[in-house]
Protein chains: 2
Amino acid sequence: MLASLLNQVPLFTPDDVEAFLPLWKKRYTVNRGDFLIREGQVEQHLYFVESGALRLYLPTPDEDICVGFAYPNTLITSFPSLVTQTPSLYCIQALRRSELLAISKTDFDLIQEKRPVFGKFWRMELEKALVGKIEREVDLQLPDPAQRLERLLRRSPHIFQLVPKKYIASYLRMTPETLSRIM
Amino acid sequence: MLASLLNQVPLFTPDDVEAFLPLWKKRYTVNRGDFLIREGQVEQHLYFVESGALRLYLPTPDEDICVGFAYPNTLITSFPSLVTQTPSLYCIQALRRSELLAISKTDFDLIQEKRPVFGKFWRMELEKALVGKIEREVDLQLPDPAQRLERLLRRSPHIFQLVPKKYIASYLRMTPETLSRIM
DNA sequence: GCCAAACCTTGATTCAAATCAAGAATTACA
DNA sequence: TGTAATTCTTGATTTGAATCAAGGTTTGGC
């Protein structure tokens, strides 16, 4: 599953993929409600979702602020904590039973040093992620809830199959009631 | 100015800096209101601001959506267009007379191929930018305008000296009237 | 230094989304 | 499969930011 995805990356030779796969050492199975990481912990892993669905959010006194979802064939991590190796402000919680593969930061850093192609790969992933966040920034600024919904429907229609609407509402910065009324 | 900044990057040897600096070939001076790039053009440069101030925004039928500012010692570009080499959706406009240095995408890509340390440097810059955008994503979701203002004041107080409040209001997804009332 | 343009402030009013509330539907899992 | 917990929907009401409006201030450019 991860293997077939990596084989589709033009950058990688079969040898690269062979060197990479064994680094995804840990296999996690988490139940609905379980946490991959909680506020205060330092993120050590990058996760690949094989099945299930998860949410990434910032807990605040008032309410959780949902900043992302993960589902099969996507990566997830508490990125700021992973990069800076400081305690995470964010939590990652399973929305249903999920299966994940994990690579440690250490191993990931090492292979980037050893094989420049992985440095390039990661740079391209970061560029894609940044482009995504810039679009998201625009989405969040749209004053009309219906427009925000429309853009998410266009960009990630599958999310609506995978994630309870109340979390999507939070992600779209509206109440579940408002989302229900405009869907 | 750019030189002294680059010399402070621990990654770089003096030789790296010497190889890099000449690639910032073009020097632009733009007047208040001028555009570095307009919607539809394909971004070819990464810009370094020596003086002045600029805004990066998405023009829409209703209103401009402000997604960022640049000021001395910062980089700016229409990132999605630069990365994907497709027509830009965004505009970059000078808010006052500004002086910039520019490096072409071609030269920037080349030096990353030639000297791996520049690949690593860019990767780290992208990581920082992504962390920033994740924080910004949280900022934008805060329902209370005063909270959004507070977080910007904490993170980038200097912006209020450099940029007319009406653009800051847009960046904070509120009207100039609301910003005026809570400042 | 002067003038026009741009920007900011303050007040009155409107309106759309949040809140509050309660019942219906769906989902988890024992 | 049955039952409790969770999630979703719909309606009534409130509220706070947007809008509209007008006067004051700052800024840019000649």
Side-chain angles (χ1 to χ4, degrees), chain A residues 29-35 51-55 57 60-66 69 71 93-99 139-153 159-183, chain B residues 29-35 51-55 57 60-66 69 71 91 93-99 139-153 158-183:
Chain A
T29 302
V30 288
N31 290 312
R32 178 186 148 84
D34 287 355
F35 289 89
S51 70
L54 306 97
R55 72 175 171 131
Y57 69 94
T60 84
D62 310 330
E63 56 180 342
D64 296 341
I65 295 180
C66 194
F69 303 106
Y71 32 84
Q93 187 183 35
L95 298 174
R96 61 179 63 231
R97 171 177 279 262
S98 305
E99 292 176 297
D139 293 359
L140 276 173
Q141 296 220 50
L142 294 171
D144 179 6
Q147 278 180 282
R148 300 199 295 278
L149 170 60
E150 195 194 347
R151 290 193 44 147
L152 187 60
L153 275 168
I159 284 184
F160 294 81
Q161 267 37 72
L162 298 168
V163 172
K165 299 239 193 334
K166 68 168 184 168
Y167 298 115
I168 295 177
S170 161
Y171 185 72
L172 288 173
R173 111 177 140 68
M174 64 186 75
T175 59
E177 291 93 331
T178 297
L179 180 58
S180 171
R181 285 186 236 270
I182 63 180
M183 281 218 67
Chain B
T29 302
V30 289
N31 289 313
R32 179 184 148 85
D34 288 355
F35 289 89
S51 70
L54 305 98
R55 71 175 172 132
Y57 70 94
T60 84
D62 310 331
E63 55 178 343
D64 296 340
I65 293 179
C66 193
F69 302 106
Y71 31 85
C91 301
Q93 187 183 37
L95 298 175
R96 62 179 66 230
R97 170 176 280 261
S98 304
E99 293 176 296
D139 292 359
L140 277 172
Q141 296 220 49
L142 294 172
D144 179 6
Q147 278 180 282
R148 300 199 294 279
L149 169 62
E150 194 195 347
R151 290 195 40 148
L152 186 62
L153 275 168
H158 52 286
I159 283 184
F160 294 80
Q161 266 35 74
L162 299 168
V163 172
K165 299 242 194 332
K166 68 168 182 168
Y167 298 116
I168 294 177
S170 161
Y171 184 72
L172 288 173
R173 113 178 138 64
M174 65 186 76
T175 59
E177 291 93 331
T178 296
L179 179 59
S180 171
R181 284 187 237 269
I182 64 180
M183 279 219 71

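Just so it is clear, the values below take in all heavy atoms, side chains as well, and ignore hydrogens, waters and symmetry mates. What you are looking at is a predicted structure, and each value in this text was computed from that prediction instead of being measured. Lettering of chains follows the sequences in order, A, B, ..., and the numbering in each one begins at 1.
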With five pairs defining each end axis, the helix from C:dG1-D:dC30 to C:dA30-D:dT1 comes out bent, to 10°, by 80°
For A:L95 and A:Y71: C-alpha separation, side-chain torsions, deciding distance, then whether side chain to side chain contact (heavy atoms under 4.5 Å, CB included) applies. CA-CA 10 Å; A:L95 298 174; A:Y71 32 84; over 6 Å; no
Rounded interatomic separation in angstrom, taking CZ from A:R97 and C1' from C:dA28: 12 Å
Would you give the length of the straight line joining atom SG of A:C66 to atom CD of B:Q141, rounded to the nearest 0.5 angstrom? 7.5 Å
Distance, nearest 0.5 Å, that separates CG of B:D64 from NZ of B:K166: 9.0 Å
For the pair A:S98 (side chain) and A:A53 (backbone), establish whether a donor and an acceptor sit closer than 3.5 Å, ignoring hydrogens and angles. yes
Output for pair (B:R151 CZ, B:L140 CG), nearest 0.5 Å, gives 10.0 Å
Roughly how far apart are B:R96 CZ and B:R32 CZ, rounded to 0.5 Å? 9.0 Å
DNA chain D: first to last nucleotide in contact with chain A (atom under 4.0 angstrom from a heavy atom), 5' to 3', is D:dT6 to D:dA12
Length of the line joining A:N31:CG and C:dT27:P, which is rounded to integer Å: 19 Å
Output the rounded distance in Å from CG (A:L162) to C1' (C:dT27). 15 Å
Positions of residues 172-183 of chain B (non-hydrogen atom under 4.0 Å from DNA chain C), listed by number: B:E177, B:S180, B:R181
Aromatic contact between B:F69 and B:Y171, with the criterion being ring centroids under 6.0 Å apart: yes or no? yes
Nearest-Å distance, CZ (B:R32) to P (C:dA5)? 13 Å
Is there a donor-acceptor contact under 3.5 Å from the side chain of B:Q93 to the main chain of B:G33? yes
Rounded to whole angstrom units, what separation is found between the CD atom of B:Q141 and the C1' atom of C:dA17? 16 Å
What's the CG-P distance between A:L95 and C:dT27, to the nearest Å? 14 Å
A:T60 OG1 to B:L142 CG distance, which is reported to the nearest 0.5 Å: 7.5 Å
Quick one: pull up CD1 in B:I182 and CG in B:L172 and give me the separation to the nearest 0.5 Å. 7.5 Å
Give one of base, sugar-phosphate or nothing for B:P143, where a contact means two heavy atoms less than 4.0 Å apart. nothing
Interatomic distance, B:F160 CZ vs C:dC7 C1' [rounded to whole Å]: 16 Å
Restricting to non-hydrogen atoms, name the atom on B:R173 and the atom on B:R148 that form the minimum distance, rounded to 0.1 Å. O-NH2, 3.0 Å
